[in-house]
**Q** 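If you scroll down you'll find the structure; I have some questions about it.
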Amino acid sequence: MAADLDLGAAFIPALHKPSALLPIAKHRETLLYMIETYPVTVVVGQTGSGKSTQIPQYLEQAGWCADGGVIGITQPRRVAATTVAIRVAEEVGCEIGKEVGYSIRFEDATSATTRIKFLTDGLLIREALVDPLLSRYSVIMVDEAHERSISSDILLGLLKKIRKKRPELRIIISSATLQAEDFANFFSESTDEATGEGRQEKRAAAIVSLEGRTYPIDTLYLEAPAEDYLEKAISTVFDIHTHESKGDILVFLTGREEIDQAVQAVSERSAQLPQGSESILPLPLYAGLSTEQQMYVFEEAPANFRKVIFSTNISEASVTIDGIVYVVDCGFVKLRAYNPQTGIETLTATPVSKASAAQRAGRAGRTKPGKCFRLYTEEACQGLSEANVPEIQRSNLAPFVLQLKALGIDNVLRFDFLTPPPAELMMRAIELLYSLGALDDYAKLTKPLGLRMAELAVEPMMAKTLLSAPSFGCLSEILTIAAMTSLGGGIWIQHDGGKKEAESAKRKFAVEEGDHLALLNVYQTFITKGRKEARFCHDNLINFKTMTRAVSIRGQLKRYLERFGVAVDESLATPSASGASKAEQIRRCLTTGYFAHAARMQPDGTFRNVSGTTVLHAHPSSIMFNRKADWVIFHEVMETGDKTFIRDITKIEKSWLLEYAPEFYKTSS
DNA sequence: GAGCACTGC
């Protein structure tokens, strides 16, 4: 294997290949012909084939922007939208935001001259609220459609509908191999609006396959199932280290706990490696790490060190690390699912799909031939499902039902989904929206409440809370709380081993009434002190970047409300200074949106939901974790392992539930 | 007394 040594240096990583060398270049004419001829083209190609960067340029050169039309390319992630746009702007030789631009939430780098526009799929759906036929686009390319995010699934359904009214629109779907046929079939069969029956029209979609990857990957399996995949992963790392040639290792595990454990075990055991031999540098990678901590994995390992990265699924598609030659795949992934009966989300480790396993293996062969070690048998691999259950079939659909209604799609049950979600999920979403007053007795969107809720970029319960706030005189405060809760954590900086300090930092902002008021407290202190004093965030272990995002979100929500004609009074009163009544108004207001998330504390300190059927635990990050309370509402509920946790909890009065949601509680009280 | 894979408006 000595021939492998330093081979990597002789190759240029795929992403930086001159465009003429990309495998896609020789397909240029075929692609343009297909797009000209067929309304829908499914392009199959691996990461690095250049489809996201080259196809838009081919189209522009072929005259698809001639009449002022824009080529839109959607991406599932913000970083992808910006980085791909910047690269294309470089290749075209223009300033970003001129002919080539991007648009993501809070960042619009486009202008009147923009002809090639990259944007997130969620944002394009939002554009459809204003321009239902997406008439400014001559071509729309949905990139990474195989990931099957809810937004891209819904976008495909919308595009299919738009296509009927805009036959000149060209649709391109980029996908990994396995699902190309599904996309093509979806666009080729039409559903009769009146009867709901499917019928086949003249094939509307063509499939173009771009050449596959450049480097081969050897896949190895276990002969017998591993009893403990974590232990097996660690020993496999040492086997690779001692028996295989140079190259970094990427190990896929399921979560933070496992990863921290593995990193520690490897660094302890690597001390026993023979003197003078190459050493191992184990590194963790998961979303919960700060950006600085994540950056280590991109740095080259010091001389005489082999880099071993223990990562969650973040490395499967979102993050690409160069120089990986070996992949170790534990065969599991933590997946979110939503139970429509209980309304509780679960987060559980499940076996990966074949598509996932292939994607993971592919991470090994980016710069030279690689190897993938699967910690399961070949037989087990054959038993894996082809692809993950699409997100749309395992999520709380309330936000998306609301969006579809706002797009004028009244009969959401008949919406042409790529794969329809279970009816129960749809019903649960409709019930929730009805109870919030967003839908009327005929399941029609109410105006203005429902329509406004759809336009606000927060989940329905918080949207309702925001729209009730003016009548409680606490809009400024609720705006802040909405922004802070929608951050989804990341407010506090966690140092390794600094748990105690983090706890006491948090306690400084704690408020008797609960987490929502504490979040308000943190934000208001940040605004008055944190933005001016450089030390404030550092001293209080507050993440400056996250707080800056909260400021942006709050600003955006405020602009929405002002557009609705709601005045926002911005007197900067802290909850303590403004007296108890303000805090009570806030708690009452939260109840108008979160009545369905109510629980009561039991003598043992756990909570029960209203019907008494589910035991809920205050999440350790909550103020209510070790405090007494009676009735509370909470922002989020999630089942992990064998416990169900509630987060962002605030004390309320039981009578408020009946006052603000009489219909919802008339039978269960 | 103990913890959230990931993405997005």
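Numbers restart at 1 for each chain; the letters A, B, ... are given by sequence-line order, proteins then strands.
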**Q** With a 4.0 Å cut-off on heavy atoms, is A:R126 in touch with a base, just the backbone sugar-phosphate, or nothing at all?
**A** base

**Q** Between A:D121 and A:M638, who's closer to the 5' end of DNA chain B by nearest nucleotide?
**A**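 Counting from the 5' end, the first nearest nucleotide belongs to A:M638.
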
**Q** In terms of side-chain heavy atoms of A:R256, which of B:dA5, B:dA2, B:dC9 is nearest?
**A**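 Of B:dA5, B:dA2, B:dC9, B:dA5 is nearest to the side chain of A:R256.
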
**Q** Counting heavy atoms from C-beta on, name the nucleotide in B:dA5, B:dC9, B:dA2 closest to the side chain of A:L123.
**A**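 Shortest atom-to-atom distance from the side chain points to B:dC9.
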
**Q** How would you label the contact of A:S486 with the nucleic acid (heavy atoms, under 4.0 Å): base, sugar-phosphate, or nothing?
**A** nothing

**Q** Fit a plane to each ring of A:F415 and A:F417, take the angle between them on a 0 to 90° scale, and name the class: parallel (under 30°), tilted (30 to 60°) or perpendicular (over 60°).
**A** perpendicular

**Q** Out of B:dC4, B:dC6, B:dA2, which has the shortest distance to the side chain of A:H619?
**A**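 The closest nucleotide is B:dC4.
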
**Q** Taking the side chain of A:R336 as its heavy atoms from C-beta onward, which of B:dT7, B:dG3, B:dC9 lies nearest to it?
**A** B:dT7

**Q** Across the strands shown, which category fits A:F625 at heavy-atom distances under 4.0 angstrom: base, sugar-phosphate, nothing?
**A** base

**Q** Using a cut-off of 4.0 Å on non-hydrogen atoms, how would the nucleic acid contact of A:S621 be classed: base, sugar-phosphate, or nothing?
**A** nothing

**Q** In this structure, how many angstroms lie between the P atom of B:dT7 and the CG atom of A:L155, rounded?
**A**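 Rounding to the nearest Å, CG of A:L155 and P of B:dT7 are 20 Å apart.
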
**Q** So, A:E258 and A:K334, do they make that salt bridge, N to O below 4.0 Å?
**A** no

**Q** Just compare B:dT7, B:dG3, B:dC9 and give me whichever is closest to any side-chain atom of A:R77.
**A** B:dT7

**Q** I'd like to know if A:R647 reaches the base of B:dC4 with its side chain, counting only an N/O donor and acceptor under 3.5 Å.
**A** yes

**Q** Between A:R336 and A:E391, does any side-chain N to carboxylate O distance fall below 4.0 Å?
**A**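 A salt bridge is absent here (no side-chain N lies under 4.0 Å from a carboxylate O).
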
**Q** Between A:Y560 (OH) and B:dC9 (C1'), how many Å, whole number?
**A** 6 Å

**Q** Indicate, with a heavy-atom threshold strictly under 4.0 Å, whether A:T120 touches base, sugar-phosphate, or nothing.
**A** sugar-phosphate

**Q** A:L289 CG to B:dC6 P: how many Å, rounded?
**A**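 Answer to the nearest Å: 9 Å.
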
**Q** Which nucleotide, B:dC6, B:dC9, B:dG1, lies nearest any side-chain atom of A:A287?
**A**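 Selected nucleotide (nearest to the side chain): B:dC6.
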
**Q** Taking all atoms of both residues into account, what is the closest heavy-atom pair of A:A618 and A:I649, and its distance?
**A** CB-CD1, 3.8 Å

**Q** Separation of A:H635 atom NE2 from B:dC4 atom P, in whole Å?
**A**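 Value for this atom pair: 16 Å.
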
**Q** Report yes if at least one side-chain N or O of A:S151 is closer than 4.0 Å to OP1 or OP2 of B:dT7; otherwise report no.
**A**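 No, because none of the side-chain N or O atoms of A:S151 sits under 4.0 Å from OP1 or OP2 of B:dT7.
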
**Q** Under 4.0 Å: is that the gap between some side-chain N or O of A:K334 and OP1 or OP2 of B:dC6?
**A** no

**Q** Do A:E386 and A:K354 sit within salt-bridge range, that is, some charged N less than 4.0 Å from a carboxylate O?
**A**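 Answer for the salt bridge query: yes.
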
**Q** How close or far is atom C1' of B:dG1 from atom CE of A:M601, stated in whole angstroms?
**A** 13 Å

**Q** Students often get this wrong, so: under 4.0 angstrom with heavy atoms, is A:E636 touching a base, only sugar-phosphate, or nothing?
**A**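 Counting heavy atoms under 4.0 Å across all strands, the contact made by A:E636 includes a base.
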
**Q** Here's a test of your reading of the structure: between A:Q403 and A:Q294, which maps to the more 5' nucleotide of DNA chain B?
**A**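 With A:Q403 and A:Q294 compared, the 5'-side residue is A:Q294.
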
**Q** With heavy atoms under 4.0 Å as the rule, sort A:L347 into base, sugar-phosphate or nothing.
**A** base

**Q** Counting heavy atoms not belonging to A:Y560, are there more than 12 under 6.0 Å from its OH?
**A** yes

**Q** Once you measure the plane-to-plane angle for A:H635 and A:H516, does it fall in the parallel (<30°), tilted (30-60°) or perpendicular (>60°) bin?
**A** perpendicular

**Q** Whole Å only: how far is the CD1 atom of A:I649 from the P atom of B:dA2?
**A** 15 Å

**Q** May I ask you to evaluate whether A:H617 reaches the phosphate of B:dA2, defined as a side-chain N or O under 4.0 Å from OP1 or OP2?
**A** no

**Q** Is A:I150 touching bases, backbone alone, or none of the nucleic acid, heavy atoms closer than 4.0 Å?
**A** nothing

**Q** Please report the distance, rounded to the nearest Å, between CD in A:E345 and P in B:dA5.
**A**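 The distance from CD of A:E345 to P of B:dA5 comes to 14 Å, rounded to the nearest Å.
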
**Q** Starting from P on B:dG3, measure out to CD on A:Q261 and report it in whole angstrom.
**A** 13 Å

**Q** So does A:E257 reach the base of B:dC4 with its side chain, donor to acceptor, closer than 3.5 Å?
**A** no

